[in-house]
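Note that this is a predicted model, so its numbers are computed, not measured. As the structure lists them, so they are numbered: ligands from 1, and atoms in each ligand from 1.
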Amino acid sequence: VADSKTTVSILGASGYTGGELLRILLQHPGVEVVGATSQQFAGEFLHKAHPNLRGRTQLKFVARNELPAADVVFTCVPHGAGMAAVPPLLERGSRVVDLSADFRLRDAATYQEWYGVPHAAPDLLSKAVYGLPEIHREAIRGARLVSGVGCTATATNLALYPLAKAGLLTTGPVVADIKIGSSASGMDATVASIHAERSRTIRLYAPTGHRHVAEVDQVLRLAGSTAPVHYSAHAVELVRGILATCHVFLSRPDVTEKDLWKAYRAAYGTEPFVRLVKERSGLHRFPDPKLVAGSNYADVGFELEEGTNRAVAVCAIDNLVKGAAGSAVQCMNLMLGLDETAGLMQIPLHPV
Ligand SMILES: NC(=O)c1ccc[n+]([C@@H]2O[C@H](COP(=O)([O-])OP(=O)(O)OC[C@H]3O[C@@H](n4cnc5c(N)ncnc54)[C@H](OP(=O)(O)O)[C@@H]3O)[C@@H](O)[C@H]2O)c1
């Protein structure tokens, strides 16, 4: 390992977010990947699980208990496993970005309410920072433990945050309609992932009660919103991608389109990975997950309904990048004082 490079390792590297982290980190100029675990693939080359990495690394998976020490560890494991894995990693001096849901919520009781089990490391919750750089950049810089983000929560938060910050969400309610690609549920096969079931579907799977609502509430409340957020999520014919279409009833009837531009520009004017997409004509007038595939971009747009106080706020992301591994690397860059965009400037594919 070159002296100047930071070492990173990944717990749970055979899954979809682990694979995406490897794709990004193997091209990152400032880090060296020194370890990647998989119980099922221990001893095998990484390309056995991630064939897109063929020819790009000679690293092999190691068993979970053989994870090499590293400056930064990413934990890409199911919720429940994150809170068990993180404390010993912090104790041995690593900085940690935990992509599971275990360190996203600040309150242990809220965690138990949504995830059905008591939190195993409640003392760490106040020390963890929610890993969405657009909103918590300064806190992430100094953190030793940063959570990943929920993918649907990220699309919803980025669509709504400018409105919350501008004081336009005070009355509510807000209804977020989410479309979600199949990779968001990870590699574990279920009956819902059988091709015959998943293909060509628009299946409403969480009309109410989606866990990511808790993350959206937490972020928007901190931004000053008191509006209740309601969620409905659909599984659609995509491998990668989330589209959050949020129906908002603004706090004032006299809000103009110009006010909305002002709010969105104020929130995202200098953000490297948020693009405002709102064209007057043409096919691609609004954000579309197809147009951010493989990239760390979040495309955000909005429209005001004439004669009413309803606005529609939209965000499209690639769930595996901005909704998981990309945001996690952006956080790592901030934690290490590196260029925030390092390793993350891939242009999305088009057509795909
Ligand atoms: N998919 C997404 O779009 C997305 C977005 C944001 C956040 N997340 C979150 O990120 C985490 C990983 O998601 P994923 O989609 O990558 O899941 P996945 O494809 O199912 O992969 C899970 C990985 O965890 C390993 N693993 C399972 N149990 C473990 C344990 N107890 N200890 C250590 N390793 C364990 C598995 O490998 P071995 O069994 O081979 O060791 C596998 O590599 C989840 O908490 C998920 O909620 C996912």
Side-chain angles (χ1 to χ4, degrees), residues 9-24 35-46 48-50 53 60-67 73-89 96-105 111 114-115 117 120 130-132 146-157 178-190 192-193 210-212 214-216 233 235-236 238-244 289 292-294 296 298 316-331:
S9 59
I10 300 171
L11 183 75
S14 64
Y16 285 142
T17 60
E20 200 64 359
L21 269 172
L22 287 163
R23 182 175 74 88
I24 295 168
T37 78
S38 169
Q39 215 58 20
Q40 340 158 37
F41 291 99
E44 306 269 12
F45 286 112
L46 298 188
K48 193 82 178 172
H50 306 300
L53 303 181
K60 290 180 173 176
F61 287 110
V62 295
R64 290 173 192 171
N65 61 2
E66 290 168 6
L67 179 75
V73 179
F74 294 90
T75 46
C76 303
V77 299
H79 65 83
M83 58 192 176
V86 165
L89 295 171
V96 178
V97 183
D98 175 53
L99 277 77
S100 86
D102 289 351
F103 293 96
R104 295 180 198 161
L105 301 174
Y111 180 86
W114 286 97
Y115 290 89
V117 289
Y130 188 74
L132 192 55
V146 171
S147 78
V149 285
C151 50
T152 70
T154 299
T156 310
N157 278 327
I178 313 282
K179 317 286 190 314
I180 185 163
S182 57
S183 63
S185 38
M187 264 191 181
D188 268 352
T190 65
S193 55
H210 197 294
R211 285 168 167 161
H212 289 177
E215 288 168 53
V216 175
V236 299
L238 281 175
V239 173
R240 287 168 183 259
I242 310 271
L243 183 73
V292 293
N296 196 45
I317 58 169
D318 181 327
N319 55 292
L320 292 179
V321 192
K322 190 64 190 152
S327 281
V329 171
Q330 206 179 332
C331 289

Considering only the protein, which heavy-atom contact is closest to atom 24 (O) of ligand 1, and what is its distance? Cys76 O, 3.3 Å
Exam field: side chain Ser193 to backbone Thr190, donor-acceptor pair closer than 3.5 Å: yes
Can you tell me which residue and heavy atom of the protein come closest to atom 45 (O) of ligand 1, and the distance to 0.1 Å? Val77 O, 2.7 Å
Suppose we measure from atom 25 (C) of ligand 1 to each protein heavy atom; which comes out shortest, and what is that distance? Gly12 CA, 3.7 Å
Under 4.0 Å from one or more heavy atoms of His79, ligand 1 contributes atoms 45 (O)
Any nitrogen or oxygen of Ser185, main chain or side chain, under 3.5 Å from a nitrogen or oxygen of ligand 1? no
Taking the side chain as every heavy atom from C-beta outward, state whether Tyr111 and His79 have any atom pair closer than 4.5 Å. yes
Leu320 to ligand 1: N or O pair under 3.5 Å? no
Please work out whether any backbone atom (N, CA, C, O) or any side-chain heavy atom from C-beta onward of Ala84 is under 4.0 Å from ligand 1, and answer side chain, backbone, both or neither. neither
Can you name the atoms of ligand 1, numbered from 1 with element, that are less than 4.0 Å from a heavy atom of Ala81? 30 (C), 31 (N)
State whether the shortest distance between N or O atoms of Cys151 and N or O atoms of ligand 1 falls below 3.5 angstrom. no
Could you tell me whether the side chain of Leu22 reaches within less than 4.5 Å of the side chain of Leu46, counting heavy atoms only? yes
Is a side-chain donor or acceptor of Thr37 paired with a backbone partner of Gly12 at a separation under 3.5 angstrom? yes
Less than 4.0 Å between atom 22 (C) of ligand 1 and some protein heavy atom, yes or no? yes
Would you mind running through ligand 1 and noting each atom that sits below 4.0 Å from a heavy atom of Ala324? 5 (C), 6 (C)
Backbone N or O of Gly80 within a donor-acceptor pair of the Asp102 side chain at under 3.5 Å? yes
List the closest protein heavy-atom neighbour of atom 32 (N) of ligand 1: residue, atom name, distance to the nearest 0.1 Å. Arg64 CD, 3.5 Å
At a 4.0 Å threshold, what atoms of ligand 1 neighbour a non-hydrogen atom of Ser14? 36 (C), 37 (O), 38 (P), 40 (O), 42 (C), 43 (O)
Any side-chain heavy-atom pair of Ser183 and Asn319 under 4.5 Å: yes
Touching ligand 1 at all, Gly148? Heavy atoms, strictly under 4.0 Å? no
Those atoms of ligand 1 less than 4.0 Å from some heavy atom in Val149: 6 (C), 7 (C)
Less than 6.0 angstrom from the centroid, inside 45 degrees of the normal: does Lys60 satisfy that with respect to the ring of Phe45? yes
Check ligand 1 against Arg104 and write out every atom of the ligand that is under 4.0 Å from a heavy-atom position of the residue. 7 (C)
Provide the number and element of each atom of ligand 1 under 4.0 Å from a heavy atom of Ala13. 43 (O)
Under 3.5 Å: donor-acceptor pair, side chain of Thr75, backbone of Val77: no
Tyr16 to ligand 1, any heavy atom closer than 4.0 Å: yes
Number the atoms of ligand 1 from 1 as they appear, then name those within less than 4.0 Å of a heavy atom of Ser100, with their elements. 45 (O)
Return the closest protein heavy atom for atom 6 (C) of ligand 1 as residue, atom name and distance. Gly323 O, 3.1 Å
Distance-only N or O hit between ligand 1 and Gln40, under 3.5 Å: yes
Side chain, backbone, both or neither: which part of Met187 comes within less than 4.0 Å of ligand 1 when only heavy atoms are counted? both
protein heavy-atom neighbour closest to atom 15 (O) of ligand 1 works out as Gly186 CA, 3.2 Å
Test side chain to side chain donor-acceptor pair (under 3.5 Å), reference Thr152, set Glu215, Arg211, His212, output is His212
